[in-house]
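A quick write-up on the structure given underneath.
From a predicted model like this one, the values you see are computed outputs, not experimental measurements. Hydrogens, waters and symmetry mates play no part in the numbers below; they use all other heavy atoms, side chains included. Within every chain, numbering begins at 1; the chains are lettered A, B, ... in the order of the sequence lines, protein sequences first and strands thereafter.
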2 protein chains.
Amino acid sequence: MRNVAKKQLETKVVPSAPSRPYRIEEQVGYLLRRAHQRASAIFQVNIGDPNITPTQYSSMVKLNEYTELSQNLLGRLVGMDKATMQGVVRRLKDRGLVDSRPDPGDARRTLLSLTTDGQRIVNKLLMNGPAVSRETLKPLNAAEQRQLLDLLSKIG
Amino acid sequence: MRNVAKKQLETKVVPSAPSRPYRIEEQVGYLLRRAHQRASAIFQVNIGDPNITPTQYSSMVKLNEYTELSQNLLGRLVGMDKATMQGVVRRLKDRGLVDSRPDPGDARRTLLSLTTDGQRIVNKLLMNGPAVSRETLKPLNAAEQRQLLDLLSKIG
DNA sequence: CACGAATAGTACGTATACGAACGATGGCCA
DNA sequence: TGGCCATCGTTCGTATACGTACTATTCGTG
C-alpha cells in the first residue's frame, strides 16, 4: 500500500487534476472586471479632466496620431463596436473636441478629426497618461508590471 | 566625440529612463478594457444561458453560497456599487430567479435569496464556469495562467 | 432621551457595451 | 451592365457602472 509503484498506479487511475473548489473571486473574468473598475477609477482621478472618460481619451489619442480616420476604422483601432463608437463620437462632437466631414471618396464614410480645442486638450491629457498607468500598476514591482502587460496583450 | 568617456558623460547628463513612446495599446487600462471585453464575450457564448450576464452570474453564485444576503452586502461581495446592484437585483427578481424580504432585524435592509428556479439555474451554470475560465485563459500556458490570476488579484 | 452621523435602498442622469434591424452606398462578378 | 453582397453609419433596446441626491432607518454619543 505504501510503495512507490502502487502510488504511481493510483496516480494513473485518477489522472484528472485535483480540481480546486470553484471560487468566483478566482475566475479570470471576475478579476478582469474588478481590475478594470479600479483602472477606470484611477483614470478618472488622475487624467486631469473629470469630463473625459477612458474611451474618449483613447479615441482622441488615436485621432491625434492619424489626423483623420473614418468612424468605423477608429472603432476598430480602439476596440469599440460601431454602436458604441457612435455614442462616443457624438459626445465628443457635441463638446467641440471632434469634427467630422463626409469622405469625398466614399459616401458611406464619415471622416473624423480633432478640433484645435481637441488637440489642445489631448496634448494636455497625454502628459498625465503615464502617471495614470503608473498609479494603476503601483501594487506590482517592475518585473510584475511587465509580466502583466505581456499577459494581457496575449489574452486581449 | 567618439570615445567612451564622452559617451558616459552624456549618459550622466540624461539620467532619466529611456521613456518609451506612449502607446495607448500598451497602457494597462486599455489592455484591461480589451481583455474584459473578450472575457465577457466568451462568457456569453459558453456559460450555457444567453440571458445571464457575468454580473448576474456572480450575484447568483454568491447567493448560492450564502443563502441569504442583504443587497448592500451582496454588492460588496461581488464588487458592484449599490446603484448597479439595484438594477441587477431588479432584473433577477423580474425573472423569478431571486426573492427578497425585509430584514426583520433592520428595516433599512432587504434580504435576498435565490428562488428554486434560481438555484436550479445557477447550479447548471456552475458546471460551465470552469470551461469559461479555461477558454478565456487558452492563449496562455499553465504557468502564465497562474501568473495572470496572481497579478490581477494584486491590482484588483 | 435626543440629535447628528452613518447606513440601506431608491431614483435620476450620463457613459460604455453590444446585438439587431435598417437605409444608403460601394464593390464585385456573372 | 445589373444584381447581389459587404460595408458604413444610425437607431433602438438592454445591461453594466457610477455619481448625486433623496428618504427611511439605525447607531452612537452627549
In whole angstroms, how far is the [atom2] atom of [N] from the [atom1] atom of [X]?
{"X": "A:L111", "N": "D:dG9", "atom1": "CG", "atom2": "P", "answer": "8 Å"}
{"X": "B:K93", "N": "C:dT10", "atom1": "NZ", "atom2": "P", "answer": "6 Å"}
{"X": "A:M85", "N": "D:dT11", "atom1": "CE", "atom2": "P", "answer": "16 Å"}
{"X": "B:L69", "N": "C:dA8", "atom1": "CG", "atom2": "C1'", "answer": "14 Å"}
{"X": "B:R109", "N": "C:dA6", "atom1": "CZ", "atom2": "P", "answer": "17 Å"}
{"X": "B:N72", "N": "D:dA24", "atom1": "CG", "atom2": "P", "answer": "18 Å"}
{"X": "B:D103", "N": "D:dT25", "atom1": "CG", "atom2": "P", "answer": "14 Å"}

NZ/NE/NH1/NH2 to OD/OE distance under 4.0 Å, [X] and [Y]:
{"X": "A:E68", "Y": "A:R101", "result": "yes"}
{"X": "A:D150", "Y": "A:K154", "result": "yes"}
{"X": "A:R120", "Y": "A:D117", "result": "yes"}
{"X": "A:K62", "Y": "B:E25", "result": "yes"}
{"X": "B:D94", "Y": "B:R91", "result": "no"}

Among the nucleotides D:dT26, C:dT10, C:dT25, whichever has the atom closest to the side chain of B:R108 is D:dT26

Measure from the side-chain heavy atoms of A:D106 and tell me the nearest of C:dG9, D:dG9, C:dG26.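 Looking only at side-chain atoms, A:D106 lies closest to C:dG26.
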
A:Q86 side-chain N/O to D:dG9 phosphate OP1/OP2 under 4.0 Å: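 It does not, given that no N or O in the side chain of A:Q86 lies less than 4.0 Å from OP1 or OP2 of D:dG9.
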
What string of B, S and - do you get for nucleotides 15-23 of chain D, 5' to 3', when a contact is any protein heavy atom under 4.0 Å? SBBBB----

Distance-only, no hydrogens or angles: does the B:N128 side chain make a donor-acceptor pair with backbone N or O of B:I47 under 3.5 Å?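 Side chain of B:N128 to backbone of B:I47: a pair is present.
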
